[in-house]
Amino acid sequence: MKRKLLTGNAAAAWGARLARTDYVPAFPITPQTEIIETIANWVDNGEMDARMVTLDSEHSMITAAGAAATTGVRVFTATSSQGLLYGMEMLYTVAGWRAPFVLVNVSRGLATPITLEPDHNDILAARDSGFLQIHCATCQEVLDSILIAFRLGEDERVRLPVIVNLDGFYLSFTREPVEIPDAEAAGRFVSSYDAGNIPFRASAPVSQAVAAIGGTAYSYFRYETHLAAQNALSVYEEVAGEFTRRFGRTHDAVETYRSDEAEYVFVMIGSFATKAKEAVDRLREAGWSIGLVRPRLLRPFPEEQIRRVLTGKKGIAVIDQNLSMGKGGVLYMELASALHGQANVPPLVSFIGGLGGRDITPEEFYEMASVTRTAAETEEIPPPRLLYTKGEIREVRKLQAIAHAERLELEPEK
Amino acid sequence: MNETKTAFKRMKDLPSTHLLGTGTPMCAGCGGLQAIHEIYDILGEKTVFVNAAGCMTLLSVYPFTPFRGSWLYTSMGSAPAGAQGVRDALDILIQKKRIDSRENLNVVVLTGDGAANGIGMSATSGAIERDLDFIYICYDNEGYGNTGQQYSSATPHAARTATSKGPRGFPGYKKDLFSIWASHKPTYVATVVGAEPVDLARKVEKSKKMKGPRMLIALSPCPTGWDFNPMEAVEIGKLAVRTGVWPLKEYADGKVVHTKIPGRRPPVEEYLKLQGRYAHLFRPDRNETLLREIQARVDAYWDGVE
Ligand SMILES: Cc1ncc(C[n+]2csc(CCOP(=O)(O)OP(=O)(O)O)c2C)c(N)n1
Ligand code: SF4
Ligand SMILES: [Mg+2]
């Protein structure tokens, strides 16, 4: 075990290396590229015994990843935003192959407009694909989650690919101290890859991913995949528990921070939860009874844990770094459906913010806390709030004015 | 082609038993299925077919398959990438001594012309550029057959399809997939047709012994999409070759060789008039302009060869 300053991307590469990955199909995209560059260097230097292939696209990359995992090798791959969506057809497809591998997604806002900084619309577009999803808030978590993800996905009760998600820039390019497990210990934890009962071998022909015409056979396979994803809830507990015993670090499916006795709770996923923790500390100093709940596992959705930690609270502020156009925040909908019909369900107040890497300031956290308290006290739940300041509107208006003035200048005199 | 090296000199040398099972849902007289039958007999069962969406996807419908070997359906656009994953994984497993090399398989991509010429082109080009060790079989029925024969970029000029029903048929020209492949300098490219089984067998035999990217483009007379009597599928395949519409050729070592140069070529009309997709060229009036254009293009091609 050694301690090093690593970016989230480097931590992801270490995860792949320690998991003894055999095969890395790749395609570059900011802010993920450092992961595949790091792995490429290790492979070239003989530090990692893997084969890396750059495909022509993420669609091909995910196809190759699934095909190789089906054939019987351990596969790691990584992408981001546009790349994840470019490969979307294959995300759904390979999940149905029940071929486990790990894909790191470095979250980045989606076009249009095209941008580089993070939010969660990319990863949430993959929500229903059959991939399991683990969301990280620290660089350490990135490395640890990849090891856990291999074990989870490869478990015979699960057999599904897993996405480990980290936020672009805030984690991908941020250096944090990371404990790198000993290679032997990590190798023992992940153990060797088992292709299961569907590898391609000359002596044992198999047909994989054949058509299933008619709703009966089709539904059977779809339900099987769903049930396998649900099995991953208890398997996750086991695997994360074993990880804690071996490496001393705990990564619960749902992280709670000062929320046990709290009256009010922020709920969010990803690295911005670190900002929420700061806000919780400041608010606590100011006399608030408040905490944070951060689901790490989003698929399968840890409904029981969510219910346990949220029912009985006075109010919940759900902060979504994504926007389902014409509806609102996706995490909010997930929570609402998980809590619906339960006893002592607190009011859920929905906030949208942090799109395209926009900061969420401490003041905004304080404001969200008090809007939530007012909602609880008045029993009137406000509509979803889009976090945006007057200053920001002024800034955009100014840019528009500049663009307008430039155009007038360029236009010939009439 | 060097005749001395081949096991297939005449019809009676062809395999008499067939590997591919019967009872598939393909249409009667399907020229694509005929070609696949003939190719599979020579490739043998140590193959894994990596398939893209198209008519042949319905060969393997749960829980049945006509294949003795393995099968992986991918998507319409990414079969060559699936082949990459399978090939790489087998290589890794053999190299790391996790499986015996006797477990190795020939990785064979199987797609239609729509996938090969269009949506799968990027994945294909990438696979050739990476020198992937695989065989690509494209059964070319000159349209998006599975979805009801809309025109694809392999549809020939003037053909009527579900999306070119006007009086002049398809306004575009068939893409030259053979040359697109050859320009990548792969190991091998050949055109074949099920109706010329000896020529086909020799090419499969030859390509099977090679390594690297290899392509077999099989013209696939399609009774359903081309609108002809299934009984005439073989005749139409033969006519495609005799009239010069479908040149039988191969590319290897940087050179293109025609494997069967038709002597006296009958007019292309002989081929066209058997197919409903060209009926508008003959009825109610003969469209001399289009018929002449089609003939002229075929003549120009062979002028460049002969
Ligand atoms: C991404 C995607 N787009 C469209 C389709 C619908 N589709 C299925 S088969 C097919 C036609 C394929 O044409 P071709 O490759 O020539 O094969 P054929 O059907 O003629 O056998 C199409 C368009 C699909 N399955 N996937
Ligand atoms: S539509 Fe054509 S290619 Fe498809 S199965 Fe029928 S005959 Fe064969
Ligand atoms: Mg076709």
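Naming: A, B, ... by sequence-line order, numbering from 1 per chain. Computed over heavy atoms, backbone and side chain alike; hydrogens, waters and symmetry mates excluded.
- For the pair A:Thr71 and B:Ala89, the tightest heavy-atom approach, listed with the atom from each and the gap, is CB-CB, 3.5 Å.
- Interface check for chain B: of the options A:Ala212, A:Ala195, A:Ala209, A:Pro199, the most heavy-atom pairs under 4.5 Å are formed by A:Ala209.
- Among the candidates B:Tyr73, B:Trp71, B:Phe67, B:Phe64, the residue making the largest number of heavy-atom pairs closer than 4.5 Å to chain A is B:Trp71.
- B:Tyr62 has its ring centre no less than 6.0 Å from the ring centre of A:Tyr218.
- Between A:Met90 and B:Ser78, the closest side-chain pair of non-hydrogen atoms falls below 4.5 Å.
- Within a 6.0 Å radius of OH in B:Tyr151, no more than 12 heavy atoms belonging to other residues, nucleotides or ligands are found.
- Counting heavy-atom pairs closer than 4.5 Å to chain A, the top residue among B:Asp88, B:Val50, B:Ile99, B:Asn51 is B:Asp88.
- Sorted by first then second residue, the side chain to side chain donor-acceptor pair (under 3.5 Å) pairs that include residues 192-216 of chain A, not counting sequence neighbours, are A:Ser203-B:Glu103.
- Looking at B:Leu59, neither its backbone nor its side chain comes within 4.5 Å of chain A, counting heavy atoms on both sides.
- Counting heavy-atom neighbours within 6.0 Å of A:Tyr92 OH, excluding the residue itself, gives a total above 12.
- The environment of NZ in B:Lys175 is crowded: more than 12 heavy-atom neighbours from other residues, nucleotides or ligands sit within 6.0 Å.
- Within a 6.0 Å radius of CD in A:Glu47, more than 12 heavy atoms belonging to other residues, nucleotides or ligands are found.
- Nearest heavy atom pair, residue B:Leu90 against residue A:Phe200, reads CD2-O, 3.6 Å.
- Among the candidates B:Pro63, B:Gly126, B:Gly82, B:Pro80, the residue making the largest number of heavy-atom pairs closer than 4.5 Å to chain A is B:Gly82.
- Top candidate by heavy-atom pairs under 4.5 Å with chain B, chosen from A:Ala50, A:Ala217, A:Gly72, is A:Gly72.
- Only the side chain of B:Gln95 has a heavy atom closer than 4.5 Å to any heavy atom of chain A.
- Closest heavy-atom contact between B:Asn104 and A:Ala202: O-CB, 3.4 Å.
- To the nearest 0.5 angstrom, A:Ile198 atom CD1 is 9.5 Å from B:Leu72 atom CG.
- Residue contact with chain A, scored on non-hydrogen atoms closer than 4.5 Å, involves the side chain of B:Thr65 exclusively.
- Counting heavy-atom pairs closer than 4.5 Å to chain A, the top-ranked of the candidates B:Leu93, B:Val48, B:Thr57 is B:Leu93.
- In this structure, the portion of A:Val53 lying under 4.5 Å from any heavy atom of chain B is its side chain and not its backbone.
- Looking only at side-chain heavy atoms (C-beta outward), A:Thr93 and B:Thr74 stay at 4.5 Å or farther from each other.
- To the nearest 0.5 Å, the span separating CD on B:Glu129 from CG on A:Asp56 amounts to 9.0 Å.
- Residues B:Arg98 and A:Asp22 share a closest heavy-atom pair of NH2-OD1, 2.6 Å.
- No other option in A:Pro205, A:Pro25, A:Gly214, A:Ala69 has as many heavy-atom pairs under 4.5 Å with chain B as A:Pro205.
- Listed by first and then second residue, the ring pair (Phe, Tyr, Trp, His ring centres under 6.0 Å) pairs involving residues 47-80 of chain A amount to none (not counting sequence neighbours).
- B:Arg130 is not listed as a side-chain neighbour of A:Thr54, based on a closest heavy-atom distance of 4.5 Å or more.
- Counting only heavy atoms from C-beta outward, the side chains of A:Asp49 and B:Lys96 approach each other to under 4.5 Å.
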